[in-house]
Structures are given as C-alpha cells and as structure tokens.
Trainee: 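Pasting a structure here, questions to come.
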Amino acid sequence: MDNQYIYEGASGPWELVVGLEVHAQVISSAKLFSGAATTFGAEPNTQVSFVDAAMPGMLPVINKFCVEQAIKTGFGINAEINLVSIFDRKNYFYADLPAGYQISQYTRPIVGKGYLDIELEDGSVRRIGITRLHLEQDAGKSIHDQHPEKSYIDLNRSGVALMEIVSEPDLRSAEEAAAFVRKLRSIVRCLGTCDGNMDQGSMRIDVNISVRKAGEPFGTRAEIKNVNSIKFLTQAIHYEAERQIVILEEGGEILQETRLFDSARGTTRPMRSKEHAHDYRYFPDPDLPPLILDKAWVEELRKNLPELPDAKKSRFMQDYELSAYDASVLVAEMETASYFEEALKFLKPLNPKAAKLLANWLIGEVFGALNREDKTIEACPVTPPHLSGLINQIQEGIISGKIAKEVFSLMWESEKDAKTLIEEHGLKQVSDDSAILAVIDRVLSKNVTMVQEYKSGKDKLFGFFVGQVMKDMAGKANPELVNKLLKEKLG
Amino acid sequence: MSLDQTTVKRIATLARLKLSEDRMGPMQQDLNRILHFIDQLNEVDTSLVEAMEGTNVSSMPFRKDVITEENCVEKILANAPEVACNMFVVPKVVE
Amino acid sequence: MTTPITKPALKNDLIRLTLAEAKEGLLKKKFSSLDLTKAYLESMESNRNLNAYILETPELALERAKESDKRLAKNEGGLLEGLPLGIKDLFSTEGIQTTAASHILEGFKPPYESTVTQNLQNAGAVFLGKTNMDEFAMGSTNMTSYFGSVINPWKRSDGKDLVPGGSSGGSAAAVAGGLALAATGTDTGGSIRQPAAFSGIVGLKPTYGRCSRWGIVAFASSLDQPGPMTRDVRDAALMLQVMAGHDPKDSTSASLEVPSFEKSLTQGVKGIRVGIPREYRLDGMDSDIVKLWENGAKWLQESGAEIIDVSLPHTKYSLPTYYVLAPAEASSNLARYDGVRYGLRVPGKTLDELYESTRSEGFGTEVQRRILIGTYVLSAGYYDAYYLKAQKVRRLIAQDFELAFQKVDVILAPTTPTPAFALDESPSDPVVMYLNDVLTVPANLAGLPGMSVPAGLSRDGLPLGLQLIGPAFDENVLFRAGSVLEEAAAFKSFLER
Ligand SMILES: [Mg+2]
Ligand SMILES: [Zn+2]
C-alpha cells in the first residue's frame with residue numbers, strides 16, 4: 001500500500017475511506033420544475049413561482065434544458081444514460097422545504113455508473129467510480145441571524161435544478177478527494193452545465209468518511225454536510241480522520257451520524273437539530289410520468305459535446321509534447337485552456353518548442369503575476385496574442401529569456417505588445433559580433449589575473465566572464481554568441 | 001399487521017401530527033381496522049406483476065428553459081401568517 | 001333524445017331549466033343572465049339549510065352576469081355564457097377563498113385560478129360560489145367538512161336528513177336542489193359519481209388526464225380528476241366540452257384533441273356491446289339496486305345494444321388498493337399545510353411544535369387518519385408490503401378492464417351499493433364507510449371515464465344511479481349509452497317533483 005493512504009495512529013497505520021456526494025447547481029435560466037428565474041443573489045422571494053412556494057394545486061413540469069444538462073454531465077463523467085428514469089418524492093418536514101417533500105430521483109436516476117480519472121501530484125492516475133448522477137430540486141434558504149428567536153425563509157433557491165453526483169467509496173485521502181472535486185469541477189465548467197462557483201454554493205459537497213485497518217471491511221461512516229470549498233474539504237477530511245482514529249484507538253465506537261464542518265475552527269461537530277429518525281418515505285411522484293429520453297436526441301447531445309479536459313490534455317501532450325503535469329494544469333480551468341489555445345494561434349512558427357515555451361510562460365510568469373494581483377486569467381492585462389508575440393521575440397533571438405521577463409513586466413503595466421516595448425526601451429538583443437567582441441576585449445583586459453587563472457585550469461571562471469560581458473551590455477547581448485566568442489578568445 | 005402505540009406515535013411524529021391521550025386509543029383502533037382491511041392484498045399473487053407507474057400519459061412532457069414567472073413576491077407572501085423583510089417567519093431553527 | 005324546451009321560461013321556473021335549456025333561453029333572449037343569476041342567488045339564500053355552499057359570491061356573480069348580458073347582446077357569448085355554476089371548493093379561484101373544506105386553509109385566497117375554472121370563465125360561465133365538500137375530498141358523506149355537513153335536498157319517507165354523498169356533496173346538493181345550474185366536482189374514488197347517484201343528478205368522472213388538475217387542491221394525484229355534475233347527460237357533455245383540454249401546466253394532462261361530445265348524445269347504442277361485470281354483484285346487494293341494474297341492461301338491449309357478461313376478477317381488491325395508494329399520496333400532498341406560507345398557524349416554541357399544533361388543529365379526524373395510514377404504508381420496511389404491492393394489484397385491476405374492453409365497448413354497473421342514508425346512520429367504522437366507494441373506485445385506479453346517470457328510485461323514494469365505465473378517452477360512449485338510459489328511465493329530478 002502506498003504511503004499516502006496511511007494515517008499513522010498510535011496502534012499503527014489506518015486507511016481512510018472517503019465517498020463524496022456533490023450537489024452541482026445546473027446552469028439554466030429557469031428552475032427544474034417551474035418558470036421562475038435562477039439568478040444568484042436576488043432580493044428575497046422575488047424569484048419564486050407558485051410551484052416553488054408549494055401553493056395548493058400547483059404542479060411541476062420539467063425543464064428540458066436541465067435534463068439536457070444532466071445528460072451532458074453524464075457523458076462528461078463517462079457514465080451510462082438511462083433512457084427511462086423516475087422522479088420520486090423524498091418526504092421530510094423542514095422550514096426551507098415548502099412542499100414537505102423534495103422531488104428527486106431514487107431508484108431510477110437519469111445517469112448510472114461512470115468514473116473519473118484523477119491525476120495526483122506524483123503524476124499517477126487513479127480511476128474513481130461514480131455510482132450515479134440524479135436530478136433534484138434545491139431547497140430554499142433559512143436565515144438565522146436576523147432575529148434572536150426567529151428564522152426567516154427565502155425561497156429563491158427553492159426548485160433550482162441540482163445534479164447530485166455520488167462517488168463510490170474509492171477515495172483514500174484528502175488529496176484524492178480534492179483532486180476528484182477539482183476534476184469534476186473542470187468537467188462541468190467545460191460542459192457549461194455548472195459554473196462551479198463553490199463560494200456561491202453552486203457546488204456543495206457531502207463527505208462520507210470512515211477509517212479502517214488496511215484490508216478490513218469498511219468502518220462506520222460519518223457524513224459531513226455542505227462543505228463549500230476544496231480547502232475546507234481537505235481540512236474536514238483530515239480532522240474527521242484523526243477524530244475517528246482517536247476514538248477507535250481509545251476503544252470507542254464511531255456513530256453513524258451527520259456532522260457539520262465548522263470552517264472557523266476547522267473541526268466537525270454533530271448537527272444539533274434533534275434527529276428525528278429519518279424516514280424519507282420515497283415514492284414515485286404521481287404528478288410526473290416517467291422521464292423517457294429520445295435515443296436520437298441523447299446521441300446528438302453526445303456528438304455535440306465540447307472537447308473534455310482529458311481529451312484536451314492528451315491532445316496537448318501529443319501535439320505539443322507537453323508534460324502530463326503541464327498539460328493537466330492547462331486544462332484544469334477552461335479559461336486557461338482557452339487562453340493557451342488562443343495564444344497558440346499567434347505563435348510563429350507554431351512548433352512544439354514554441355508551444356512548450358508558451359506553456360512554461362503561462363504556468364510560470366502569467367500565473368505568478370495573476371496570483372500576486374489576485375486576478376483571473378480573463379482579466380489578464382497580457383493578452384494571448386501579446387504573450388505569443390513575446391515568445392516569438394525570444395524564439396527569433398531578438399531578446400534573451402532574461403530580458404523577456406523585463407519585457408513581460410512592461411507588457412503587464414502598459415498593455416502594449418512586446419515588439420513595441422523592445423523598440424521603445426531599446427531592449428533588442430545585440431547579435432553583432434564586432435560589438436560583442438569589443439566588450440569582451442574590454443572585460444578581459446580589465447581582468448588579466450583572472451584570465452591567467454582560467455587558462456591555468458580554473459574553468460569555473462568562464463561564467464564570471466559571461467556575466468561581466470552581459471552586465472556591460474545591460475543583458476542585451478545574445479548569450480549564445482557571447483559564449484561562442486568568449487570561448488574563441490580564451491582559446 | 002397490527003400497530004402498537006409506539007408505532008402510531010412514531011408515524012404521527014413523522015407526519016407532524018400530535019395525538020393527545022384521549023385520541024390515541026380510537027385512532028389506533030381505526031388504523032388497525034384499516035390495515036386489517038388492506039391486508040387482503042396479500043391474497044393476490046403479484047410475483048410476476050410490475051408496479052403501475054402513472055396513468056394514461058406514458059412519458060413526461062417538457063417545458064422550455066424560459067423564465068415565465070416574473071417577480072410576484074407580494075402574491076407569494078399575501079397569505080402568510082407571519083412575514084418580515086419579505087420573508088416567511090418561523091421559530092428559530094437550530095442546525 | 002335532445003331535450004327541447006317544453007316549459008315556459010317564467011322567472012320562478014328559471015331554476016328548473018337544464019344548462020342547455022337555459023343556454024337556449026339566453027340566446028333567444030327569453031331572459032337575461034342577470035335574471036337567471038338572481039333566481040339562483042335567491043334560491044341559495046332560501047336554501048341555506050342545505051349548507052351546500054361554503055362561500056357564496058353574489059356580488060361577483062351579478063357583476064359577471066351583467067358582463068355576460070353585454071356579450072350576449074352583441075352575440076359574442078361563449079359556450080357557457082351567462083350560465084350560473086357552483087364551484088367545488090377544491091378548485092383554486094383567484095382572490096376568492098379556497099378551503100378544501102378544511103380549517104387549515106380557512107381564509108386562503110389563491111393568487112391564481114385553476115385551469116378548469118379558467119376554462120369555464122373563458123366560456124362565459126358565472127360563478128355563484130364555492131360548494132361544500134368533504135375535507136380535502138376525503139369522504140363519501142360530506143360530513144367531514146370543517147364547515148359542516150351538507151343536507152341532501154331529497155327526503156326519505158321518515159323525514160330524516162340524508163347525506164348528499166361525498167366528497168362533492170355540496171355540488172350535488174346545489175345542482176339537485178336548484179342552487180346551481182350545474183357544478184364542478186372532483187372524483188378520486190367516486191366523489192362525483194356517488195353524490196350524483198345519491199342526489200339524482202348526472203355526474204361524470206372523465207378519463208384521468210382529460211381535464212387539467214392544475215390549481216385543484218390535490219388529494220391523491222394519480223387518481224384525482226375534475227368533472228361535471230349536471231341535471232342531465234346533455235349538460236354533462238356541454239360542461240365537459242369546456243372543462244376538458246390539454247394543459248401544458250399539468251404533466252399528467254393528455255395532449256389529445258377533445259372530441260365533440262354533444263354529437264354522441266343522439267347516436268344511440270345500436271351495435272354497442274355492453275359488459276355486465278359479475279364481480280360488481282356484491283353479496284347481499286340491495287334488491288332495489290339489483291333491479292335497477294337489470295332494468296338498465298334491458299333498456300340498453302331494447303335500444304339495440306348487445307349485453308355481455310364480463311369478469312373483472314380483481315374488483316374485490318380495488319378498495320384495499322385504493323386505501324393504500326390514496327392515503328400514501330395524500331400524506332405527501334398534505335405535507336405542505338404546515339402553517340408557514342398560508343392558511344392556519346397555531347404558534348409553537350419550536351418549528352416542530354408549530355407544525356404539530358397547526359396540523360393537529362387544522363386537519364379533521366378523517367384527514368389525520370388517512371395521513372397516518374399513508375405515512376405508515378410508505379415508511380421504511382413497509383413500502384414493499386403495502387405501497388408497491390398496491391401498485392402491482394392496481395396494474396392487475398387496470399388489466400382486467402383492458403381485457404374486458406377487448407370484448408365490450410362500455411361497462412354497466414350500479415353506482416352505489418345503497419341509496420343515500422341519514423346523517424345519523426353514517427357508520428362510525430371507517431372501513432364500513434369506505435365500502436360506499438366499492439363500485440366507483442376501480443375506474444379511478446384504472447384511470448377510466450365513468451358516469452352516473454339517475455335511473456330509478458329505491459323503495460323509500462330515493463334516487464339511484466347507474467354507472468357506465470368506458471375505455472380511456474372514450475367519454476363519447478358514456479354519452480351515447482347515458483342518453484339512452486336517461487330517456488328510458490324517465491327519471492324525475494328533485495326539482496321536477
Ligand atoms: Mg444525498
Ligand atoms: Zn441531494
């Protein structure tokens with residue numbers, strides 16, 4: 001067993017078993033079963049239809065686009081699409097559940113078994129099984145901080161379409177769980193089926209965690225509800241694993257319970273609401289006949305899928321000889337991949353060497369600068385053609401890599417292209433033999449003693465001479481030429 | 001099948017109904033009469049029968065992804081027993 | 001077989017007209033909608049003892065009648081222009097209290113209009129008010145209404161107050177007693193047909209999916225179906241024509257063209273095969289009912305129909321099936337009445353206390369009984385034994401009909417096992433009470449259209465109904481056979497007596 005899966009307890013190693021249920025809000029204009037809007041952040045109860053408020057006699061009618069989004073996501077997670085599925089009622093009383101039931105799918109979901117391949121930092125790939133994806137309604141929101149003894153109910157989210165994606169208990173570490181969510185997020189964003197905005201609650205994660213001694217059957221699991229960032233997911237898993245191990249090592253028992261993640265403390269605690277023994281009394285919603293999908297329509301959706309991150313990654317590796325790691329970084333966010341592909345169009349010539357250089361610049365300089373200024377790639381002041389323009393200047397030998405960094409900073413500030421900036425600031429690389437030779441002569445004559453030492457065998461001093469020449473020429477000398485001419489001079 | 005009082009209480013809690021002491025006995029008796037009546041179904045061999053799903057409309061119709069309902073917050077709240085800040089009000093819910 | 005106007009349209013006779021007669025009178029300008037509406041409002045006022053209405057809306061009715069008269073004057077009237085109707089209080093009516101006869105919805109004014117009542121309004125109908133009913137349509141006597149029992153206008157020789165049947169008992173009493181020209185009902189297990197039979201009027205439960213359920217307070221979604229309650233078969237055709245139609249807001253509404261119903265009224269039954277289901281002959285069935293049934297078969301036969309014995313072997317299991325499925329669906333449908341968004345709220349310190357107090361005080365005993373049964377049959381460990389089992393038996397019941405309809409075009413049976421009974425004779429054992437619906441429930445389980453036609457009197461002088469059940473979406477065969485039965489029976493309504 002790989003070490004990363006092991007938690008060292010006092011009694012020896014423990015293995016972590018994690019399964020995730022991800023609620024992903026479907027991108028759609030209207031709700032799953034009503035014509036009310038789904039826009040985030042509207043004034044309370046302004047996006048509520050009579051159906052969403054469960055007024056007497058109101059009936060659901062399904063939004064075709066939400067079904068389409070679920071099918072597309074199903075293909076994205078390599079899953080089978082069920083041509084016949086059923087909507088069930090999940091019955092329970094809660095303040096933000098106006099009908100007293102949630103319309104969901106239970107025995108026959110729209111999407112069946114699938115999987116995701118996740119890449120880990122060491123470059124290895126693991127396949128994580130997906131049990132199902134089903135469509136269901138979101139609940140409303142209870143607001144607890146407006147009044148000391150009252151909760152306020154806003155139904156704007158009531159009835160918004162969610163996809164619940166359930167993984168197999170195949171995850172063995174917090175890192176894997178995080179990789180799974182990141183991968184899923186990049187897929188739904190690429191498909192345009194969910195915006196993946198975790199801070200707005202567009203993706204919420206329920207985590208099922210248990211621990212066991214390697215090789216033993218699954219232990220009792222706890223469920224942590226509504227974790228809303230990847231950072232919290234990692235924290236919650238670490239905390240919960242340690243909590244369970246300590247209990248078990250002290251001879252205690254894990255309760256099968258629902259817990260809440262306390263993001264302020266980085267801990268989990270049991271939900272305080274008195275646990276009415278849950279009994280959801282699922283049964284097929286008699287207001288809704290079976291959902292029967294037209295095979296030809298489903299096939300058409302499959303054919304028209306955009307290129308998914310995995311396919312894009314393989315293409316980048318194949319066409320531009322990028323490393324698996326670089327390629328996966330580029331495809332992780334749709335916007336990054338688009339930026340990269342847009343920039344590729346302006347590379348002259350477009351060859352693997354140039355593309356690789358472009359990838360390095362994107363992952364290194366561009367990401368670094370964006371991070372420093374807390375900007376997204378869409379707001380990057382250096383546009384794809386400008387970045388490629390810079391790469392072209394390097395490739396053509398007009399500037400050195402070092403100068404290029406300086407040019408990049410200027411580009412970032414001025415939003416001008418590389419060529420103009422090199423002109424304006426006289427940063428063009430000197431590739432004229434005589435100009436460089438003149439400087440070499442000057443440097444060597446200033447450092448006679450060192451030349452002697454070099455000649456008597458102190459090879460390391462070569463770098464010193466290069467540095468002196470470059471310094472004298474303010475970094476603009478063509479480094480290859482400097483090397484060559486120096487070698488000739490020093491014999 | 002026969003329901004004892006504990007079960008009746010459990011069901012009542014699930015259904016959010018409160019059965020006072022004096023109503024408990026008669027209700028339990030009625031429920032058991034009904035269940036006894038329903039138990040006739042056990043006489044029917046359904047081992048080869050598929051459960052019925054819906055009637056007459058075989059497949060779910062679709063609606064377009066179009067916003068058809070404008071903001072009607074006043075109508076949504078008009079019948080509510082307690083409202084504040086355009087929201088429904090309930091006793092504090094603790095999680 | 002059409003009913004010509006034989007009576008003079010004098011003002012005091014206005015409430016005795018059928019819908020078709022009144023329509024013709026309006027078109028021929030013999031009287032105005034205002035005359036007609038006022039006559040009904042007066043009748044409602046003088047018959048308040050029947051408790052047929054939960055809410056009377058006279059001002060609205062008069063206003064609408066005047067508008068109708070304007071349209072009629074310009075010959076722009078709709079199919080039901082100016083005709084005053086009673087609306088079962090299960091239909092949401094915009095801005096007008098809609099209670100489902102429950103305390104929990106007292107004062108509730110829906111901000112929307114049900115599709116069926118909208119259709120009726122679009123056709124020009126005038127609404128007189130909201131008729132009484134069993135609470136949430138759960139009952140066969142109208143005694144479960146929070147707003148009190150309804151009294152059947154018919155009297156037995158002993159003079160006791162009789163139930164009008166239920167759950168559409170207010171509608172039935174109103175149509176029979178001259179408090180509405182016609183009325184809407186809903187039928188989940190017989191709630192249109194049984195009260196129609198008890199009150200000597202025509203009641204039609206259309207095919208499931210024929211009329212939209214949108215805006216009708218739900219009882220059991222897979223069984224509920226709205227339909228007309230009228231003075232004769234022709235009126236039922238007229239009403240259904242307007243009520244029916246595909247509604248994109250109801251996923252269970254059939255997207256089928258609505259055929260013309262009126263034309264089948266005169267088509268007769270020559271060559272039609274009529275099935276007599278032997279299982280509907282219950283042990284110890286009242287001899288009056290048996291006689292009525294035999295008469296019905298004879299009348300159809302004399303009009304050219306062929307009488308064929310059929311078997312519906314799972315009939316016996318219809319009621320147990322129904323009393324699993326209807327409460328199961330109801331327990332879920334009624335979860336929304338929680339005191340938060342509308343209706344009654346009984347305060348509580350915690351949310352659960354609020355829920356429990358509100359629901360315990362807001363729902364009557366029968367409703368609570370059904371919620372509890374429904375909750376139980378869906379609960380963990382019992383779902384397969386009850387709910388799933390019942391859905392399987394339901395399929396067998398539906399298949400019985402499918403097989404029968406390979407041999408026959410329509411099925412004839414009594415509507416109820418007994419005539420109307422007195423309020424104080426109403427059984428206290430719920431199971432005995434449920435047996436009232438034994439002959440009507442199968443059509444609901446199979447989603448088929450059924451019609452009750454008044455066809456005779458019991459030895460006590462009370463009306464008895466014959467029931468016709470047709471194949472899905474073939475209401476026309478009911479109108480054909482129903483017209484023949486009606487003419488042969490020459491039944492005299494309460495108002496004609
Ligand atoms: Mg879940
Ligand atoms: Zn869910």
Side-chain angles (χ1 to χ4, degrees), chain B residues 1 3 7-8 10-20 23 26-31 33-57 59-63 72 74-83 88-94, chain C residues 108-109 111 207-209 222 248 251-255 314 316-317 319-321 323-324 331 338-343 345 348-357 359-360 363 368-369 371-373 375-377 379 386 388-396 398 429-431 434 446-447 472-473:
Chain B
M1 200 90 52
L3 300 183
T7 312
V8 177
R10 185 177 57 81
I11 302 165
T13 305
L14 268 181
R16 298 298 185 275
L17 293 173
K18 195 168 51 188
L19 290 176
S20 55
R23 287 177 63 225
M27 185 60 91
Q28 186 189 358
Q29 189 184 22
D30 286 348
L31 296 179
R33 279 185 179 144
I34 297 167
L35 279 178
H36 178 71
F37 178 64
I38 289 168
D39 278 338
Q40 282 181 78
L41 293 179
N42 295 329
E43 298 165 13
V44 190
D45 178 7
T46 51
S47 49
L48 297 173
V49 185
E50 239 189 275
M52 187 135 158
E53 272 155 6
T55 45
N56 297 339
V57 174
S59 174
M60 193 185 283
F62 290 120
R63 187 171 50 78
C72 58
E74 292 87 7
K75 288 179 177 181
I76 291 294
L77 301 170
N79 283 284
E82 194 179 348
V83 170
F88 302 102
V89 179
V90 297
K92 190 131 200 139
V93 180
V94 266
Chain C
F108 173 63
K109 288 183 181 169
T207 310
Y208 184 85
S222 77
S251 298
T252 62
S253 153
S255 62
H314 296 92
K316 182 185 169 196
Y317 302 107
L319 271 184
T321 301
Y323 277 97
V324 173
S331 71
D338 58 8
V340 176
R341 281 148 294 116
Y342 42 75
R345 162 178 289 194
K349 273 207 275 316
T350 66
L351 183 62
D352 279 330
E353 258 183 58
L354 182 151
Y355 286 157
E356 291 187 348
S357 307
R359 290 166 60 79
S360 301
F363 293 133
Q368 294 195 33
R369 224 170 358 231
I371 289 174
L372 290 172
I373 281 290
T375 303
Y376 181 66
V377 298
S379 66
Y386 289 114
L388 204 61
K389 179 83 184 180
Q391 281 290 51
K392 289 177 177 180
V393 179
R394 182 179 186 182
R395 186 177 288 274
L396 292 174
D429 180 342
V431 172
Y434 297 166
F473 299 107

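Just so it is clear: chains get the letters A, B, ... in the order the sequence lines come, proteins before strands, and each one is counted from 1.
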Trainee: What I'd like to find out is whether the side chain of Thr13(B) reaches to under 4.5 Å of the side chain of Glu356(C), using heavy atoms alone.
Mentor: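 Answer yes - side chains close enough.
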Trainee: Using the side-chain contact (heavy atoms from CB on, under 4.5 Å) definition, which of the options Leu3(B), Leu14(B), Ile11(B) pairs with Leu372(C)?
Mentor: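 So the option named by the test is Ile11(B).
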Trainee: So, taking the atom named OG1 in Thr375(C) and the one named CZ in Arg10(B), what distance separates them when rounded to the nearest 0.5 Å?
Mentor: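 With rounding to 0.5 Å, OG1 (Thr375(C)) is 10.0 Å from CZ (Arg10(B)).
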Trainee: Pick one of side chain, backbone, both or neither for Val431(C), based on which atoms fall under 4.5 Å of a heavy atom in chain B.
Mentor: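 The side chain, not the backbone.
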Trainee: Val90(B) pairs by side-chain contact (heavy atoms from CB on, under 4.5 Å) with which of Val340(C), Asp338(C), Thr350(C)?
Mentor: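 Single side-chain contact (heavy atoms from CB on, under 4.5 Å) partner of Val90(B) among Val340(C), Asp338(C), Thr350(C): Val340(C).
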Trainee: Hey, could you give me the OG/CE distance between Ser222(C) and Met52(B), rounded to the nearest 0.5 Å?
Mentor: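 Atom-to-atom, Ser222(C):OG and Met52(B):CE are 7.5 Å apart.
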Trainee: Among the options Ile371(C), Leu396(C), Leu354(C), Leu388(C), pick out the one with the most heavy-atom pairs lying under 4.5 Å from chain B.
Mentor: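 Top option by heavy-atom pairs under 4.5 Å: Leu396(C).
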Trainee: Of the backbone (N, CA, C, O) and the side chain (C-beta and beyond), which part of Ala12(B) lies under 4.5 Å from a heavy atom of chain C, both, or neither?
Mentor: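 The answer is both parts of Ala12(B).
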Trainee: If I compare all heavy atoms of Leu31(B) with all of Arg369(C), which pair ends up nearest, and what's the gap?
Mentor: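 Taking Leu31(B) first and Arg369(C) second, the nearest heavy atoms are CD2-O, 3.7 Å.
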Trainee: If every non-hydrogen atom of Gly343(C) is compared with every non-hydrogen atom of Pro81(B), which pair is closest and at what distance?
Mentor: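 So the two residues come closest at O-CG, 4.1 Å.
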Trainee: Kindly compute the distance separating NE2 (His314(C)) from OG1 (Thr46(B)), expressed to the nearest 0.5 Å.
Mentor: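 Atom-to-atom, His314(C):NE2 and Thr46(B):OG1 are 9.5 Å apart.
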Trainee: Given that the side chain runs from C-beta out, which part of Arg23(B) has a heavy atom under 4.5 Å from chain C: side chain, backbone, both or neither?
Mentor: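 Side chain of Arg23(B) only, per the 4.5 Å heavy-atom cut-off to chain C.
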Trainee: Chain C heavy atoms under 4.5 Å from Val89(B): which part of the residue, side chain, backbone, both or neither?
Mentor: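 Backbone only.
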Trainee: Nearest 0.5 Å, please: how far is CZ in Arg33(B) from OH in Tyr434(C)?
Mentor: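 Reported value, rounded in 0.5 Å steps: 11.0 Å.
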Trainee: Give the member of Arg63(B), Glu43(B), Glu74(B) that has the highest number of heavy-atom pairs under 4.5 Å with chain C.
Mentor: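 When all of Arg63(B), Glu43(B), Glu74(B) are compared, Glu43(B) has the most.
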Trainee: Given that the side chain runs from C-beta out, which part of Ser331(C) has a heavy atom under 4.5 Å from chain B: side chain, backbone, both or neither?
Mentor: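 Ser331(C) has no heavy atom closer than 4.5 Å to chain B.
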Trainee: Does NZ belonging to Lys109(C) count more than 12 external heavy atoms closer than 6.0 Å?
Mentor: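 No, because the 6.0 Å sphere around NZ of Lys109(C) holds 12 heavy atoms or fewer from other groups.
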Trainee: Counting only non-hydrogen atoms closer than 4.5 Å, does Phe37(B) touch chain C with its backbone (N, CA, C, O), its side chain (CB onward), both, or neither?
Mentor: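 It is both, since atoms from each part get that close.
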Trainee: Mind listing the closest non-hydrogen atom pair of Gly348(C) and Pro91(B) along with its distance?
Mentor: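 Scanning both residues, the minimum pair turns out to be O-CG, 3.4 Å.
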Trainee: Would you give the length of the straight line joining atom CG of Leu77(B) to atom OH of Tyr342(C), rounded to the nearest 0.5 angstrom?
Mentor: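 OH of Tyr342(C) is found 13.5 Å from CG of Leu77(B).
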Trainee: For Ala398(C), which atoms come within 4.5 Å of any heavy atom of chain B: side chain, backbone, both, or neither?
Mentor: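 Contact with chain B: side chain only.
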Trainee: How would you list, by chain and number, every residue that makes a side chain to side chain contact (heavy atoms under 4.5 Å, CB included) with Ser357(C), sequence neighbours excluded?
Mentor: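 If we apply the side chain to side chain contact (heavy atoms under 4.5 Å, CB included) test to Ser357(C), skipping adjacent residues, the hits are Lys18(B), Val346(C).
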Trainee: Any donor and acceptor pair, going by atom type alone, linking the side chain of Arg359(C) with main-chain N or O of Leu17(B) inside 3.5 Å?
Mentor: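 Flag not set: sc Arg359(C) to bb Leu17(B) has no pair under 3.5 Å.
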Trainee: If you count heavy-atom pairs under 4.5 Å between each of Gln29(B), Met60(B), Met27(B) and chain C, which one has the most?
Mentor: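 Answer, by heavy-atom pair count under 4.5 Å with chain C: Met27(B).
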Trainee: Measure distances from Lys349(C) to the heavy atoms of chain B and classify the residue's part below 4.5 Å as side chain, backbone, both or neither.
Mentor: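 Contact with chain B is through the backbone of Lys349(C) alone.
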Trainee: Looking at Glu50(B) and Lys392(C), what are the two nearest heavy atoms and their distance?
Mentor: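 Nearest pair, atom of Glu50(B) first, then Lys392(C): C-CG, 4.1 Å.
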Trainee: Looking at Asp429(C), Leu319(C), Thr207(C), which makes the most heavy-atom pairs under 4.5 Å with chain B?
Mentor: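 Heavy-atom pair counts peak at Asp429(C).
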Trainee: Taking the side chain as every heavy atom from C-beta outward, state whether Val8(B) and Tyr376(C) have any atom pair closer than 4.5 Å.
Mentor: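 A side-chain contact is absent here, since even the closest heavy-atom pair is not under 4.5 Å.
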Trainee: At a heavy-atom separation under 4.5 Å, does Leu19(B) approach chain C through its side chain, its backbone, both, or neither?
Mentor: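 The answer is the side chain of Leu19(B).
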Trainee: Taking only Lys NZ, Arg NE, NH1 and NH2, and the carboxylate oxygens of Asp or Glu, determine whether Arg345(C) and Glu82(B) approach each other closer than 4.0 Å.
Mentor: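 Yes.
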Trainee: What I'd like to find out is whether the side chain of Asp39(B) reaches to under 4.5 Å of the side chain of Tyr386(C), using heavy atoms alone.
Mentor: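 Side-chain contact under 4.5 Å: yes.
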Trainee: Can you tell me how far OG1 of Thr321(C) sits from CD1 of Ile38(B), rounded to the nearest 0.5 angstrom?
Mentor: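 Output value for this atom pair is 9.5 Å.
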Trainee: Heavy-atom cut-off 4.5 Å, strictly under: side chain, backbone, both or neither for Ser20(B) against chain C?
Mentor: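 No part of it gets close to chain C.
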